[in-house]
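The structure under discussion appears below in the form of structure tokens.
As a basis for the values below, the full set of heavy atoms in this structure was taken, side chains included, without hydrogen atoms, waters or symmetry mates.
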Amino acid sequence: MEVTSNVTEFIFLGLSQDPGMQLMFFALFLLFYIVIMVGNLLILLIVFSVAQLHTPMYFFLSNLSFVDIAYSSATAPKMIADLISDKKTISYWGCVTQMFTFHFFGCAEIFVLTVMAFDRYAAICQPLRYTTIMSARACVVLVSLSWIGALGHSLVQTLLTFQLPFCNAQVIDHYFCDVHPVLKLACADTTLVNMLVVANSGLISLGCFLILLASYTVILLSLRKRSAESRRKALSTCGSHFTVVTFFFVPCIFIYLRPSTTFPLDKAVSVFYTTITPMLNPLIYTLRNEDVKHAVKWLWTRKVSLGEKLSG
């Protein structure tokens, strides 16, 4: 990446220039980030500690929780610190690193959510063949392909952006280094890069979203022949999943499936897939999932009984 560039650092405009709003956002997003970390770490602890949850569904859920922790950490700590800083700067290579990690874990989330939808399809529509289809080896292969695909996407996205020269423009009208705001600063023709970015990010988001919609449509059609209890349980699980999917994919498609134009609304929309979705995942999967709630009660009972033994 030997590129002639006069820029050694970039300056973020952030979510707001108003000091009062910045303090309010600081408190709000700090709370959001704490919920993200605690909630997703709790899911990881529960899944790894409770043998009954050592199933494909919870294997994918633990991967999703790990991705959410890393994904939100790519942008949230820097954004929160900048909200109480006078100068919101990031070095050139810091910007490269942030864009790479953001798109790496963001794309991994897209693929893991898609794999989770396939798992639900297999469980509901192919129950007799489920253990064969979703064997331990198949689960590992699917997750490995998700991570490899995300790595390829992120490398392409980052290399496409930073192979361009940056002359004097330094101000990024955003709160993190994303493709479209950074491309606006390049002192070169970005038409081809913009088209490749849309093909890379936009089509991945749209394609996976359409696959998810198709899988849920098939699941809903197959539920017509099931008992009321089976329908209720399946709809509860799929409803939780689809809520997460909607909050994540719709903003992504809005941002990336278009040419390199930026709107004032973009920063607010970005909050949904960078912060809101990683925070909602543990809340939805724990509050609406009976297996997880039973596992939490079992862990709590075990902790209390262990404490009583130690004190006695």
Side-chain angles (χ1 to χ4, degrees), residues 7-18 21-22 24-34 36-37 67-110 150 153-162 164 166 169-186 190 193-194 197 200-202 204-205 247-248 251-256 258 260-279:
V7 175
T8 58
E9 66 177 16
F10 295 101
I11 301 169
F12 293 130
L13 288 183
L15 284 170
S16 173
Q17 302 297 304
D18 180 74
M21 289 294 291
Q22 288 187 46
M24 185 186 73
F25 283 146
F26 171 78
L28 188 64
F29 284 102
L30 180 60
L31 175 63
F32 286 170
Y33 187 59
I34 292 171
I36 289 168
M37 297 301 289
V67 170
D68 280 336
I69 290 169
Y71 176 56
S72 59
S73 296
T75 57
K78 173 65 176 166
M79 175 189 67
I80 293 167
D82 283 346
L83 286 167
I84 53 173
S85 300
D86 293 329
K87 196 175 182 183
K88 304 170 178 58
T89 61
I90 188 170
S91 69
Y92 178 89
W93 287 106
C95 190
V96 174
T97 303
Q98 187 179 59
M99 185 180 294
F100 173 81
T101 54
F102 171 75
H103 280 278
F104 175 48
F105 292 113
C107 190
E109 175 134 350
I110 287 174
H153 158 79
S154 186
L155 280 172
V156 169
Q157 198 85 317
T158 308
L159 290 171
L160 280 173
T161 303
F162 288 97
L164 296 169
F166 295 88
Q170 292 179 279
V171 180
I172 299 175
D173 188 11
H174 215 302
Y175 60 90
F176 68 97
C177 286
D178 203 4
V179 179
H180 291 326
V182 173
L183 282 178
K184 288 182 69 175
L185 307 184
T190 60
V193 175
N194 286 329
V197 165
N200 189 20
S201 290
I204 286 176
S205 300
F247 273 104
F248 187 78
C252 281
I253 292 169
F254 173 78
I255 293 293
Y256 296 110
R258 68 178 198 228
S260 185
T261 53
T262 55
F263 302 120
L265 186 63
D266 286 355
K267 286 186 275 189
V269 171
S270 297
V271 168
F272 277 92
Y273 59 85
T274 59
T275 307
I276 302 299
T277 301
M279 181 180 66

Report task. Mind running side chain to side chain contact (heavy atoms under 4.5 Å, CB included) on Ile90 and Phe176 for me, showing each step along the way? Result -> CA-CA 9 Å; Ile90 188 170; Phe176 68 97; over 6 Å; no

Report task. Apply side chain to side chain contact (heavy atoms under 4.5 Å, CB included) to Lys184 and His174, showing your working. Result -> CA-CA 11 Å; Lys184 288 182 69 175; His174 215 302; over 6 Å; no

Distance-minimising heavy-atom pair for [X] and [Y]:
X	Y	answer
Phe29	Leu83	CD1-CD1, 4.5 Å
Cys177	Ile172	SG-CD1, 3.9 Å
Ile36	Pro278	CG1-C, 3.8 Å
Leu15	Val271	CD2-CG2, 4.2 Å
Gln98	Ala74	NE2-O, 3.1 Å

Query raised in the report: Taking only residues two or more places apart in sequence, or in another chain, which ones meet Phe10 in a ring pair (Phe, Tyr, Trp, His ring centres under 6.0 Å)?
Result: Phe166

Query raised in the report: Going by the angle between their ring planes, with limits at 30° and 60°, are His103 and His153 parallel, tilted or perpendicular?
Result: tilted

Roughly how far, to the nearest 0.5 Å, is the [atom2] atom of [Y] from the [atom1] atom of [X]?
X	Y	atom1	atom2	result
Gln157	Phe104	CD	CZ	14.0 Å
Asp266	Asp178	CG	CG	9.0 Å
Met79	Lys88	CE	NZ	12.0 Å
Ile253	Phe248	CD1	CZ	10.5 Å
Asn200	Cys107	CG	SG	7.5 Å
Cys95	Phe12	SG	CZ	5.5 Å

**Report entry** Test applied, side-chain contact (heavy atoms from CB on, under 4.5 Å); reference residue, Lys78; option that passes from Ile80, Asp82, Thr75
**Finding:** Asp82

Query raised in the report: Under 3.5 Å, is there a donor-acceptor pair linking the side chains of Ser73 and Tyr33?
Result: yes

Report task. Give a yes-or-no answer on whether the side chains of Tyr175 and Ser270 include a donor-acceptor pair shorter than 3.5 Å. Result -> no

Query raised in the report: Short question: side chain of Ser154, backbone of Phe100 - any donor-acceptor pair under 3.5 Å?
Result: yes

Report summary line: The salt bridge (Lys or Arg N to Asp or Glu O under 4.0 Å) partners of Lys267 (sequence neighbours excluded) come to Asp173

Query raised in the report: Is it the case that more than 12 heavy atoms not belonging to Phe254 sit under 6.0 Å from its CZ atom?
Result: yes

Query raised in the report: Would the Phe102 and Tyr71 ring centres measure less than 6.0 Å apart?
Result: yes

